[in-house]
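Every chain is numbered from 1 and lettered A, B, ... according to where its sequence line falls, protein lines coming before strand lines.
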Number of protein chains: 2
Amino acid sequence: MANRRSKTDAGSEVSLGSEMPLLVGKHVNKIDRKGRVSVPKPFRDGLLEAEPRSSFAGVYAFPSFKFPALEVCDESYMAWMAESVDDMDLFSDEQDDMSSVILENAHPLPFDPEGRVVLPAELLEHAGISGEVMFVGSGERFRVWDPETYREHSKKAFERARASGATLPRRPRDRRRRDEGSQP
Amino acid sequence: MANRRSKTDAGSEVSLGSEMPLLVGKHVNKIDRKGRVSVPKPFRDGLLEAEPRSSFAGVYAFPSFKFPALEVCDESYMAWMAESVDDMDLFSDEQDDMSSVILENAHPLPFDPEGRVVLPAELLEHAGISGEVMFVGSGERFRVWDPETYREHSKKAFERARASGATLPRRPRDRRRRDEGSQP
DNA sequence: TAGTAACCCATTGACGCCCAAATATGCCCA
DNA sequence: TGGGCATATTTGGGCGTCAATGGGTTACTA
């Protein structure tokens, strides 16, 4: 389709010095005839590295209910969300809805020996993906978009931010990352 | 009842490195002429793995009192619910209700050598199932629906989540599984 | 003896694994 | 600073293995 290699526009993963990698930047890879796509090496490393002892070599993906995109995270993050859902009242409507939206729509995507995954039809459809996939870093997770859809979305977000003079509230600079502290 | 576990799951099942699997995602299988259905491998493994020493190779299913679906769990989960019912006031209406809804309607479903089970007519009827069965992961247990009925239900839940701008109250991020730390 | 239940086998097809080719990216040297 | 080389990723396919299905058969029950 459009430009073939615009990948590597930016760094992808930066080690914050401690242990949790920071997924940043964008990558575009192709879906082959068998439906496989390589997860960008930086993202792959970043997620696996965070939970070396995990028995599951892969990621979890579920449709974003805000955008025509997919949210992708590692097992510990998904487990964390499952636990959060568990904290809600058993059988409550809220719990059912969140469970429905996140857990039931989540797909475990195991890596093949080359670090590729197969995106289920259901997810491809939600994100309007076909042919090429754009991976967008988002901290300790990343999102997956159809390249063209992403450009439009990105453009609008940029416009809105400039128009509203958006600002970013800051937290005290020396704080450690969220999951570090609080443990003995 | 409060949540008892801290395990999690995914499109299928993932061992969190410690002990509790995470059942997530959906699977659709067929009911054959003899009434048998294969329980998705990931779910099967997830439940059995959690209680290797169990004497019962199979699962427990009972009708959901909120949806036209079935709740399926392993023996330890069923035992936990039975205990929870016991904790309720003896002879209270609530206890009687929970007891009759869950315990009295529960069916033990043994696996055949291929991992299939036979859903009793009573359960098939409650869920309006015939022909195909959809298995939906929900953490450490899973639900069984008629595919079409589930799609409608899921669509509504998704809409509600998007409309209300649902957010998931997160428990403090602690990379360890819940039942690991914090207990002597 | 009819009906049901549990087990064993065979078939089919999707998925995971291995190997090889084609491209990028980073580094070294002129 | 530009070219070229060595290495690391991304792509393509072929193939074997395992999970999902369909039936046949035997063991029990009623």
Contacts of [X] that satisfy side chain to side chain donor-acceptor pair (under 3.5 Å) - sequence neighbours left out:
X: B/Glu148; value: B/Arg151
X: B/Asn29; value: none
X: A/Thr149; value: A/Asp146

In chain order, what residues pass the salt bridge (Lys or Arg N to Asp or Glu O under 4.0 Å) check against [X], with sequence neighbours excluded?
X: B/Glu159; value: B/Arg162
X: B/Glu152; value: none
X: B/Asp112; value: B/Arg116
X: A/Glu122; value: B/Lys26

Taking ring-ring contact (aromatic ring centres under 6.0 Å, His included) as the cut-off, I'd like each qualifying pair that reaches into residues 94-119 of chain B, sequence neighbours left out, listed once. none
Rounded to whole angstroms, how far apart are [atom1] on [X] and [atom2] on [N]?
X: A/Asn29; N: C/dA22; atom1: CG; atom2: C1'; value: 14 Å
X: B/Lys34; N: D/dT26; atom1: NZ; atom2: C1'; value: 11 Å
X: A/Asp32; N: D/dT10; atom1: CG; atom2: P; value: 13 Å
X: B/His27; N: D/dA19; atom1: NE2; atom2: P; value: 13 Å
X: A/Leu109; N: C/dC15; atom1: CG; atom2: C1'; value: 13 Å
X: B/Ile31; N: D/dG23; atom1: CD1; atom2: C1'; value: 18 Å
X: B/Glu132; N: D/dT21; atom1: CD; atom2: P; value: 9 Å

Residue-level proximity of residues 115-124 of chain A to DNA chain D when a heavy atom falls under 4.0 Å: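 Those residues are A/Arg116.
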Does B/Arg33 make a side-chain N or O approach to OP1 or OP2 of D/dG23 shorter than 4.0 Å? yes
Looking at D/dG22, I'd like to know if its phosphate oxygens (OP1 or OP2) sit under 4.0 Å from a side-chain N or O belonging to B/Arg36.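 No, because none of the side-chain N or O atoms of B/Arg36 sits under 4.0 Å from OP1 or OP2 of D/dG22.
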Checking contacts here: which listed nucleotide (D/dG14, D/dG22, D/dA20) is nearest the side-chain heavy atoms of B/Lys30? D/dG22
Roughly how bent is the helix from C/dT1-D/dA30 to C/dA30-D/dT1 end to end, in steps of 10 degrees, with each end axis from five pairs? 30°
ILVMFWY clustering at 4.5 Å (side-chain atoms), partners of B/Tyr150: B/Val28, B/Phe67, B/Met134, B/Val136, B/Trp145
Begin with the C-alpha distance, continue with both residues' side-chain angles, and end with the deciding distance and a verdict on side-chain hydrogen bond (donor to acceptor under 3.5 Å, both in side chains) for B/Ser99 and B/Gln95. CA-CA 6 Å; B/Ser99 176; B/Gln95 187 194 43; over 6 Å; no
Looking at A/Glu114 and A/Arg36, is there a salt bridge between them, counting it only when a charged N and a carboxylate O are closer than 4.0 Å?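 Judged by the 4.0 Å cut-off on N to carboxylate O distance, A/Arg36 and A/Glu114 do not form a salt bridge.
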Charged N to carboxylate O under 4.0 angstrom, B/Glu132 versus B/Lys30?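 A salt bridge is absent here (no side-chain N lies under 4.0 Å from a carboxylate O).
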Which residue lies toward the 5' end of DNA chain D, B/Asp112 or A/Asp112, if each is placed at its nearest nucleotide?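 Closer to the 5' end of DNA chain D: A/Asp112.
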Can you check whether any acceptor in the base of C/dC9 is under 3.5 Å from a donor in the side chain of B/Glu114, or vice versa?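 A donor-acceptor contact between them is present.
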I'd like a table of atom pairs between the protein and nucleotides 7-9 of chain D - only N or O on both sides, under 3.5 Å - with the distance next to each one.
unit_1 : atom_1 : unit_2  : atom_2 : d
D/dT9  : OP1    : A/Lys41 : NZ     : 3.3

